[in-house]
Amino acid sequence: MNAAFTTGKELQKMDPVFGQLSFNDHEQIVFCNDKDTGLKAIIGIHNSVMGPALGGTRMFNYANEWEALNDVLRLSRGMTYKAAITGLNIGGGKAVIIGDAKTQKTPELMRKFGEFVHSLSGRYITAEDVGMETADMDIVRDVTPYVTGISESRGGSGNPSPVTAYGVYLGMKAAAKQQFGSDVLNGKKVLVQGIGHVGETLVDYLTKEGAIVTIADINEEKLYEVGSKYGATIFTGDDLYSADVDIYAPCAMGATLNDVTVHKIKAKVIAGAANNQLANENIHGAILQERGILYAPDFLINAGGIINVYAELAHYDKAEIMRKTENIYNTTLEIFAFAIANGITTHHAALTIAQNRIDQRKIENSKK
């Protein structure tokens, strides 16, 4: 049997892991493969200075493995800063499973993934993300203790999506206060892009406050279901980024703020649940600022979910979960003030404060 091996020069041309633009001094990347279950997964541990790396598992039908790698690198880095800016003593990690969650996810696949998580001996703790349900985390829990977001009946904190949505809602109110002078959303035109678990709950909060909500999603059946349930308008235009709204809330996949869209957006506030909304943090964050559009950093306002699952590790109750999540409002206003005082973008301001906390902990750890 002949086996073909890739030469060093060929590998260099392929731009391997360390050469990825999204690689940001990650500590560990684990590739998981199991022929019997069809599992192909990547676990990314970005930083464990603050504690074990915690972050959800996303199952998505990526176009190719490089796309999956890029996603896990960006997402795990975001988790590091999300935990740090929120004041949690955990590091940042994430996992992606390549495949269609609706047709390829099986209990056997989830158990095998759990075994890979377990092999890391607690350096990475998983949770629910896109394409995953609480029931999937329960299956993972059967083979490893290193999982959060399991059913409340099993002693877990349950589905983190409602808490994530609540944090985004509060971050949006803080952004409205900064940009419009009032955090009252009654009468404000809000476009919610992506109405999954988090997006739908956000629509609920907005509708109850009297916001004029427009929704967009690639799932037409879900779109009409949510539209009918909450009385939301379904977006039917050609370009949602040019929509005449006050607030744009991206709640689907990342990188919707890119070279094309940042020049089209008419909204004066961007506040949503999606991770890594800025395709290029430096370039696109600066353009939004120049155009007078206030961006609420995604990893700050969507931290409700990690606060919720972290409760299982820190052993605090629902009341404390809500208290920590409600503090997102104050932290968001503080970030805006820091950005103005230092003449930097809101994203850069949030990153700076988060990195300062990590650097301080690194100094403390070195003295032990």
Side-chain angles (χ1 to χ4, degrees), residues 17-18 20-29 44-56 70-94 123-125 167 171 174-175 178 254-255 257 270-271 274-289 294-307 310 313-314 324-325 327-368:
V17 179
F18 295 119
Q20 286 290 300
L21 291 176
S22 298
F23 186 82
N24 188 263
D25 295 322
H26 285 69
E27 293 177 3
Q28 189 173 5
I29 310 295
I45 297 174
H46 177 253
N47 189 290
S48 61
V49 170
M50 302 299 297
L54 173 63
N70 181 62
D71 205 27
V72 78
L73 289 171
R74 283 170 60 89
L75 289 167
S76 55
R77 174 178 178 263
M79 292 305 296
T80 294
Y81 296 118
K82 184 182 300 190
I85 198 75
T86 314
L88 307 181
N89 292 318
I90 45 173
K94 206 79 174 183
R123 272 183 54 75
Y124 168 66
I125 301 168
Q178 180 73 26
L257 303 172
I270 297 175
N275 288 303
N276 302 314
Q277 293 166 26
L278 299 169
N280 185 302
E281 296 171 2
N282 298 321
I283 295 173
H284 302 131
I287 292 173
L288 292 174
Q289 185 180 48
L294 182 63
Y295 172 67
D298 47 41
F299 64 86
L300 166 61
I301 71 169
N302 70 9
I306 195 173
I307 291 170
Y310 180 66
L313 305 177
K324 286 181 180 293
T325 303
N327 196 48
I328 288 174
Y329 179 94
N330 297 322
T331 307
T332 303
L333 288 176
E334 290 168 8
I335 292 298
F336 293 153
F338 185 84
I340 292 169
N342 291 276
I344 56 178
T345 66
T346 55
H347 186 84
H348 188 195
L351 280 179
T352 299
I353 291 175
Q355 188 62 56
N356 287 345
R357 184 165 186 258
I358 294 167
D359 292 344
Q360 183 59 41
R361 177 59 63 85
K362 188 181 291 186
I363 293 169
E364 293 169 4
N365 290 347
S366 68
K367 293 178 180 177
K368 292 179 180 177

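Only a predicted model underlies this, so the values are computations on that prediction, with no experimental measurement involved.
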Sequence neighbours excluded - salt bridge (Lys or Arg N to Asp or Glu O under 4.0 Å) pairs with any residue from residues 77-86: Arg77-Glu281

Test side chain to side chain donor-acceptor pair (under 3.5 Å) applied to Asn276 - qualifying residues, sequence neighbours left out: none

Glu27 side chain vs Ser48 backbone, donor-acceptor pair below 3.5 Å: yes

Contact list for residues 349-368, test ring pair (Phe, Tyr, Trp, His ring centres under 6.0 Å), sequence neighbours left out: none

Criterion side-chain contact (heavy atoms from CB on, under 4.5 Å) against Lys94, the qualifying member of Val72, Leu73, Asp71: Val72

Contact summary for Ala175 and Ala296, nearest pair of heavy atoms: CB-CB, 4.5 Å

Any residue meeting side chain to side chain donor-acceptor pair (under 3.5 Å) with Thr325, in chain and number order, not counting sequence neighbours: none

Considering all heavy atoms, the nearest Pro297-Thr346 contact: CG-O, 3.5 Å

Residues in side chain to side chain donor-acceptor pair (under 3.5 Å) contact with Asn330, at least two apart in sequence or another chain: Asn327

Distance, nearest 0.5 Å, that separates CD1 of Ile328 from CG of Leu333: 12.5 Å

Ring pair (Phe, Tyr, Trp, His ring centres under 6.0 Å) partners for Tyr329, two or more places apart: none

Minimum-distance pair of heavy atoms, taken over all atoms of Phe299 and Ala350: CZ-CB, 3.5 Å

Shortest non-hydrogen separation from Ile301 to Thr332 and the atoms involved: CG2-OG1, 3.6 Å

Partners passing side-chain contact (heavy atoms from CB on, under 4.5 Å) against Asn365 (at least two apart in sequence or in another chain): Val49, Arg361, Lys368

Met50 vs Leu88, side-chain contact (heavy atoms from CB on, under 4.5 Å): CA-CA, chis, key distance, verdict: CA-CA 8 Å; Met50 302 299 297; Leu88 307 181; over 6 Å; no

With sequence neighbours excluded, residues passing side-chain contact (heavy atoms from CB on, under 4.5 Å) with Gln355: Tyr81, Ile358, Asp359

Rounded distance (nearest 0.5 Å) linking atom CD1 of Ile335 with atom CD1 of Ile85: 4.0 Å

Intermediate values then yes/no, side-chain contact (heavy atoms from CB on, under 4.5 Å), Leu278 and Leu288: CA-CA 10 Å; Leu278 299 169; Leu288 292 174; 3.9 Å; yes

Gap between atom CG of Leu54 and atom OH of Tyr310 - 0.5 Å precision: 9.5 Å

Hey, can you pull the donor-acceptor pairs under 3.5 Å for the side chains in residues 337-344, sequence neighbours left out?
residue: Asn342; atom: ND2; partner: Phe338; partner atom: O; Å: 2.8

Residues which pass salt bridge (Lys or Arg N to Asp or Glu O under 4.0 Å) with Glu334, listed by chain and number, not counting sequence neighbours: none

Results of salt bridge (Lys or Arg N to Asp or Glu O under 4.0 Å) for Arg357 - residues two or more places apart only: none

Residues forming a side chain to side chain donor-acceptor pair (under 3.5 Å) with Tyr295, sequence neighbours excluded: Asp298

